[in-house]
Amino acid sequence: MTRLGEVFQRKSINKAEVARKTGLSDSRIGQLTNNPSTKLTAAELYLIAKAIDEDPCKLLEYVCQDL
């Protein structure tokens with residue numbers, strides 16, 4: 001599970017709903033939340049942050065804290 005996946009789990013976020021709101025595919029959301037080797041783009045992170053009512057900067061800090 002990725003840090004983004006942890007956020008989804010902690011907030012009980014429905015991946016299909018996020019996919020619908022962002023225009024990203026269900027499979028892409030699944031990759032981003034489950035596969036640590038999947039690369040998250042800045043645009044995807046921004047769209048996801050807005051869809052889940054998170055501050056994009058705070059989400060970026062949490063997701064990328066090891067960089």
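These figures come from a predicted structure and were not determined experimentally.
A heavy-atom distance below 4.5 Å is not found between the side chains of L60 and D55. K15 is listed as a side-chain neighbour of N34, based on a closest heavy-atom distance under 4.5 Å. The shortest side-chain heavy-atom distance between L59 and L45 falls under the 4.5 Å cut-off.
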Any chance you could lay out the side-chain contact (heavy atoms from CB on, under 4.5 Å) test for V18 and L47, step after step, and finish with the verdict?
-> CA-CA 9 Å; V18 173; L47 290 171; over 6 Å; no
Determine, step by step, whether T22 and Y46 satisfy the side-chain contact (heavy atoms from CB on, under 4.5 Å) criterion, reporting the C-alpha distance in whole Å, the side-chain angles of both residues, the deciding distance to 0.1 Å, and the verdict.
-> CA-CA 9 Å; T22 61; Y46 180 81; over 6 Å; no
Decide yes or no on side-chain contact (heavy atoms from CB on, under 4.5 Å) for N35 and T2, but give the supporting numbers first.
-> CA-CA 6 Å; N35 186 351; T2 64; 5.5 Å; no
Run the side-chain contact (heavy atoms from CB on, under 4.5 Å) check on E54 and Y62 step by step: do they pass?
-> CA-CA 11 Å; E54 284 285 330; Y62 182 73; over 6 Å; no
Full working for salt bridge (Lys or Arg N to Asp or Glu O under 4.0 Å) between D66 and R3 = CA-CA 10 Å; D66 292 336; R3 285 209 167 86; 2.9 Å; yes
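Note that CD1 of I13 is 4.0 Å distant from CD1 of I52, once rounded to the nearest 0.5 Å. Within the model, atoms CD of Q31 and CG of L24 stand 10.5 Å from one another, a figure rounded to the nearest 0.5 Å. To the nearest 0.5 Å, atoms CD (E6) and CZ (R10) are separated by 8.0 Å.
The nearest pair of heavy atoms linking P56 to A49 is CA-CB, 3.7 Å. Residue K21 comes nearest to A51 through the heavy atom pair NZ-O, 3.5 Å, listed as atom of the first residue, atom of the second, then distance. Across every non-hydrogen atom of R28 and T38, the tightest pair is NH1-CG2, 3.2 Å. For the pair K39 and L32, the tightest heavy-atom approach, listed with the atom from each and the gap, is O-CD2, 3.9 Å.
At a threshold of 4.0 Å, the pair R20-E17 counts as salt-bridged, since one of the basic side-chain nitrogens sits closer than that to a carboxylate oxygen.
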